Amino acid sequence: MKITVFDNERVLARTLAVQIAASLGQRPATVLGLATGRTPIRLYHELGTLHAHGQADFSRATTFNLDEFAGVERDHPGSYRVFMQEHLFSRVNLPPENVHFLDGAVADPEAECERYETAIAAAGGIDLQILGIGTNGHIGFNEPARALEPRTHLVTLKASTRRSNAGLFHGDPEQVPSQALSMGMATILHARRIVLIATGKSKARCVERMVKGPIDTRMPASFLQLHRDVELALDRAAAAALRPE
Ligand code: PGA
């Protein structure tokens with residue numbers, strides 16, 4: 001795993017945004033896998049700023065988001081679709097027909113998950129997957145478990161994950177849906193390149209376990225050790241536990 005430690009979140013976000021804009025310049029029809037959560041917000045705003053300055057063109061890009069809450073309509077204020085609209089899609093020139101999302105409100109989640117896998121394959125696979133990491137080591141909504149699902153699937157969220165998403169639901173973890181649809185571990189690991197962003201001291205321990213620990217389904221992010229092109233973009237606080245003693 002390539003590990004890059006940045007002085008602070010601002011420099012991290014700016015540097016990654018410039019890199020993504022440059023790869024869109026070289027390969028305009030890039031397929032991006034996108035993450036939600038607090039971590040990538042600065043990156044998305046930096047991409048919006050670059051676009052406003054004519055330095056990032058999304059006109060031929062395609063996106064697939066990692067996950068969505070089950071039972072939530074696409075225009076619900078707590079949906080990840082609305083989150084992405086606010087933080088990225090409204091700020092850049094992505095054609096709406098190139099934006100792909102899991103529909104959490106469908107009657108048949110299994111068919112929806114299959115549709116998503118087929119759409120990713122039809123787009124030629126994901127070129128660059130952006131990831132965050134949960135403090136419990138989850139990526140997407142692949143929660144620690146005895147076994148992990150390879151493909152896009154319906155998941156039951158851990159209490160800690162519902163708590164950390166409460167901000168989208170009036171601060172009340174009870175209002176956070178108990179289930180979600182998420183890309184699976186193989187869906188994520190088939191991306192050609194993966195950049196995982198982790199910032200803040202609350203992530204230091206899971207970053208350490210992801211990098212140094214055994215590959216373990218109880219630390220889903222540890223499976224990234226198997227991928228040949230993963231970069232961890234960390235701020236100093238998230239990298240703190242990696243320093244030699
Ligand atoms: P966060 O979430 O960016 O809000 O810390 C990360 C995640 O759960 O994947």
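Predicted, not measured: the structure shown is a model, and the values here were computed from it.
To the nearest 0.5 Å, atom CZ of residue F58 and atom CD1 of residue I20 are 7.0 Å apart. R60 contributes atom CZ, which lies 9.5 Å from atom OG1 of T62 (distance to the nearest 0.5 angstrom). Distance check, rounded to the nearest 0.5 Å: CD of E231 to CG of L131 gives 12.5 Å. Separating the CG atom in L66 from the CG atom in N142 is a distance of 8.5 Å, to the nearest 0.5 Å. Between the CG atom of L94 and the CG atom of L47 there is a distance of 10.0 Å, given to the nearest 0.5 Å. Remark: M219 CE to H138 NE2 distance equals 10.5 Å, nearest 0.5 Å.
Minimum interatomic distance between A21 and A56 (heavy atoms only, all atoms of both residues): CB-CB, 3.8 Å. Minimum heavy-atom separation, A233 to L16: CB-CD1, 4.1 Å.
Between S164 and R38 there is a side-chain heavy-atom pair separated by less than 4.5 Å. L232 is listed as a side-chain neighbour of M210, based on a closest heavy-atom distance under 4.5 Å. L242 is listed as a side-chain neighbour of L234, based on a closest heavy-atom distance under 4.5 Å. At a threshold of 4.5 Å between non-hydrogen side-chain atoms, the residues M185 and P220 count as touching. Here the side chains of F64 and V99 are not in contact, with every heavy-atom distance at 4.5 Å or above.
T15 places a side-chain N or O within 3.5 Å of a backbone atom of V11 that can act as its donor or acceptor partner. Remark: the backbone N or O of A35 is not paired with any side-chain donor or acceptor of Y80 at under 3.5 angstrom. Put simply, the side chain of S90 gets close to the backbone of Q85: a donor and an acceptor are under 3.5 Å apart. Between the R81 side chain and the E68 main chain, no donor and acceptor come within less than 3.5 Å of each other. Between the side chain of R162 and the backbone N or O of V176 there is at least one donor-acceptor pair closer than 3.5 Å. A donor-acceptor pair is defined here as one N or O able to donate and one able to accept, closer than 3.5 Å; such a pair exists between the side chain of H227 and the backbone of D229. Between the side chain of T118 and the backbone N or O of E114 there is at least one donor-acceptor pair closer than 3.5 Å. With hydrogens and angles ignored, the 3.5 Å screen pairs no side-chain donor or acceptor of E112 with any backbone N or O of L102. D67 places no side-chain N or O within 3.5 Å of a backbone atom of L181 that could act as its donor or acceptor partner. With Q225 contributing its side chain and G213 its backbone, the two residues share a donor-acceptor pair below 3.5 Å.
The ring-ring contact (aromatic ring centres under 6.0 Å, His included) analysis of residues 20-52, with sequence neighbours excluded, yields the pairs H45-H87. Residues in residues 149-172 take part in these ring-ring contact (aromatic ring centres under 6.0 Å, His included) pairs, two or more places apart or across chains: F69-F169, H76-F169.
Using a 4.0 Å cut-off between charged side-chain N and carboxylate O, D127 and R193 make no salt bridge. A salt bridge between K158 and E143 is absent, with no side-chain N of the basic residue lying under 4.0 Å from a carboxylate O of the acidic one.
I139 is connected to L189 through a chain of hydrophobic side-chain contacts under 4.5 Å among Ile, Leu, Val, Met, Phe, Trp and Tyr, so both are in one cluster.
Qualifying salt bridge (charged side-chain N to carboxylate O under 4.0 Å, His left out) partners for R74, counting only residues two or more places apart in sequence or in other chains: none.
Partner of C206 under the side chain to side chain contact (heavy atoms under 4.5 Å, CB included) criterion, out of V211, N136, I133: I133 alone.
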If you apply the rule side-chain contact (heavy atoms from CB on, under 4.5 Å), what do you find for L34 with L88, and how did you get there? CA-CA 10 Å; L34 300 176; L88 182 66; 3.9 Å; yes

Given side-chain contact (heavy atoms from CB on, under 4.5 Å), test L224 with L196 step by step and report yes or no. CA-CA 9 Å; L224 296 176; L196 182 145; 3.6 Å; yes

Using side-chain contact (heavy atoms from CB on, under 4.5 Å), reason through R14 and L50 one step at a time and then give a plain yes or no. CA-CA 9 Å; R14 176 79 187 166; L50 288 174; 3.7 Å; yes

side-chain contact (heavy atoms from CB on, under 4.5 Å) between L226 and I215, intermediate numbers included: CA-CA 9 Å; L226 296 171; I215 295 169; 3.7 Å; yes

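Other residues, nucleotides and ligands contribute more than 12 heavy atoms inside 6.0 Å of the CD atom of Q175.
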